[in-house]
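Read through the structure below, which is laid out as structure tokens, and then see the notes.
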Amino acid sequence: MKLYNTLTRQTEEFVPHEAGKVGMYTCGPTVYNFAHIGNLRTYLMEDVLEKYLRYAGYEVKRVMNITDIGHLSDDADSGEDKMLLGAKREHKSVLELAKFYTDAFFADCEKLNIKRPDVVQPATGCVEEFIRVISELEKKGFAYKAGGNVYFDTSKVRQYHVFFNFKEDDLEEGVREGVDKDENKRNKNDFVLWFTKSKFEDQALKWDSPWGVGYPGWHIECSCIAMKNLGEYVDIHCGGIDNVFPHHTNEIAQSEAYLGHPWCKYWFHVLHLNTSGGKMSKSSGGFLTLSKLQEEGRSPMEYRFFCLLSHYRKSLVYSEDTFENAANAYRKLKSRALAVPAEGEIDAAAFKQYKERFCEAMDADLNTSSAITVLYDVLKAKELNGATKRALVSDFDRVLSLDLLKEEEKAAPAAGLSDAEIEEKIAARAAAKKAKNYAEADRIRAELAQQGIVLTDTPSGTTFARK
Ligand code: AMP
Ligand code: ZN
């Protein structure tokens, strides 16, 4: 299989460290808000990669962190803690907030047929490990204390900018406008490994450490969680393209400083999903969630298909029109697949031939749109009987996970709700909201949306429309 490696900027043959086995690490979500459909594009394409590796015969172990501490509102080592801001906004404790959004994240993944990684590790469960690794980095001379924090000294690594040949002076040290420079740093790219109470007096979660009461920086979480669960070598490290710098650059610097040898060979990055108005981002507030799409009558499988039609290394623009086209195409594709009669014996030679074409597409840097073309070719092939077609569709769907042969469940018995019944549900939702039970309120909205009943909140109350 050939994969594009951001580290070498080349498409390379994938050769894992240990034959037949793949250690895969995924940067997980920061759980202070719902995932937007851009985040989900990244997880969805990583899911396809994982499934294809398994399909190709590898034994895969996939690990994901949950960032429930230490992710700042800015990538610089200053700014406010996102978790804390979220907790204040929603009148929850930081742990309640993390649990709520972690559950919401996996509920979205389930709807999109994104497999849960083998190991899911919240950062709050690994603090001892962070302290151990930071202490070791300090012993080896890669870390220093300043202003109450512990920093990684980027001048001590042979090559810091591993991904691109940045000129040092071109980099604005990951600090954005309006954020003060951190005067404690010895070098402009140095980053915090451990914050002490000198930062964020109101920090909710803090732990005792050799450097004082505090909490870990974001980057050290991923290095430690990956090393703890995958050992000294990671085969593929995944994330969205924005993670390349500084997050993955810092992960490499500290992991290799700690291990004393190269750490991860292949870096897989998914390009962003944008709207016509620009990038979709969690902190901007103006983003689309999967539930929102469902409220508009869209299905998660349509979104999965929409993503698979494009290559993961191209940015993808979400618009009503492009989505509508993909959604229509998905519905037609599924009904064609379901209409194939299960007749005849599977033709082993023909099966093998089409399977090879599917693998050829996927082996070429995960070309999902070419793989879908092979699927269309199967469905229209005159020489294939029904049984062979069905077997191929079902085989490809082990990777694509588009539920192509899954019969839709019968409409829920409550499909024909009367106006009075809908008003009752609206009242129950309002009561749930008042009691701050937003999960229940969202559930009621989604339940109605599934029956084609769309709610609109207005200053004078909630109205509904049937679609
Ligand atoms: P976060 O929860 O903000 O840490 O992001 C979770 C994942 O989504 C990371 O791998 C990000 O790189 C990725 N990501 C963020 N924004 C986008 C976007 N607009 N499109 C695709 N992936 C994104
Ligand atoms: Zn990470």
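Atoms within each ligand, like the ligands themselves, are counted from 1 in listed order. These numbers come from the heavy atoms of this one structure, side chains and all, not from hydrogens, waters or symmetry mates. One-based numbering along the sequence shown.
- Taking each of H248, H272, R41 in turn, the one with a heavy atom nearest to atom 23 (C) of ligand 1 proves to be H272.
- Note on ring orientation: taking the six-membered ring where Trp is involved, the planes of F191 and H219 are perpendicular (angle over 60°, cut-offs 30° and 60°).
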### Task
With side-chain contact (heavy atoms from CB on, under 4.5 Å) as the test, would you mind laying out the steps for D190 and F152 before giving the verdict?
CA-CA 5 Å; D190 290 358; F152 185 87; 5.7 Å; no
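- The shortest N or O to N or O distance between N39 and ligand 1 is under 3.5 Å.
- The atom of H247 that is an N, O or S and sits closest to the Zn ion (ligand 2) is NE2.
- Between E324 and R298, at least one side-chain nitrogen of the basic residue sits less than 4.0 Å from a carboxylate oxygen of the acidic one, meeting the salt-bridge criterion.
- The shortest separation from a heavy atom of M280 to ligand 1 is under 4.0 Å, placing the residue in contact.
- Atoms of ligand 1 found under 4.0 Å from any heavy atom of T42, numbered from 1 in the order shown, are 10 (O), 13 (C), 21 (C), 22 (N), 23 (C).
- Taking a cutoff of 4.0 Å between a charged side-chain nitrogen and a carboxylate oxygen, E129 and R132 qualify as a salt bridge.
- Below 4.0 Å from some heavy atom of G38 lie the following atoms of ligand 1, by number and element: 18 (C), 20 (N), 21 (C), 22 (N), 23 (C).
- Looking at T275, L316, D242 and measuring to atom 11 (C) of ligand 1, the nearest heavy atom belongs to D242.
- We find that D457 and R429 are joined by a salt bridge, their nearest charged nitrogen and carboxylate oxygen being less than 4.0 Å apart.
- Residue T30 holds the heavy atom nearest to atom 4 (O) of ligand 1 of all those in L271, V244, T30, N274.
- For the pair G240 and ligand 1, the shortest N or O to N or O distance falls below 3.5 Å.
- With a cut-off of 2.8 Å, the Zn ion (ligand 2) has no N, O or S atom of H219 in range.
- Each of F34, Y438, F106 was scored for a ring-ring contact (aromatic ring centres under 6.0 Å, His included) with Y101, with one residue passing: F34.
- Heavy atoms of H269 come nearer than 4.0 angstrom to ligand 1 in no pair at all.
- Taking the six-membered ring where tryptophan is involved, the planes of Y43 and F105 are perpendicular, since the angle between them exceeds 60° and thus also 30°.
- For ligand 1, the polar-atom distance check finds no N/O of Y43 at less than 3.5 Å from any of the ligand's N/O atoms.
- Taking the six-membered ring where the residue is Trp, the centroids of F14 and Y58 are separated by under 6.0 Å.
- At a cut-off of 2.8 Å, C222 coordinates the Zn ion (ligand 2) through an N, O or S atom.
- Heavy-atom contacts of H36 reach the following atoms of ligand 1: 16 (N), 17 (C), 18 (C), 19 (N) (cutoff under 4.0 Å).
- Here K2 does not pair with D363 in a salt bridge; the nearest charged N to carboxylate O distance is not below 4.0 Å.
- The N/O atoms of I241, backbone and side chain alike, include none that comes under 3.5 Å of an N/O atom in ligand 1.
- Within the structure, ligand 1 has L273 among the residues with a heavy atom less than 4.0 angstrom away.
- Close placement of the H261 and Y233 rings is indicated, their centers lying within 6.0 Å of each other.
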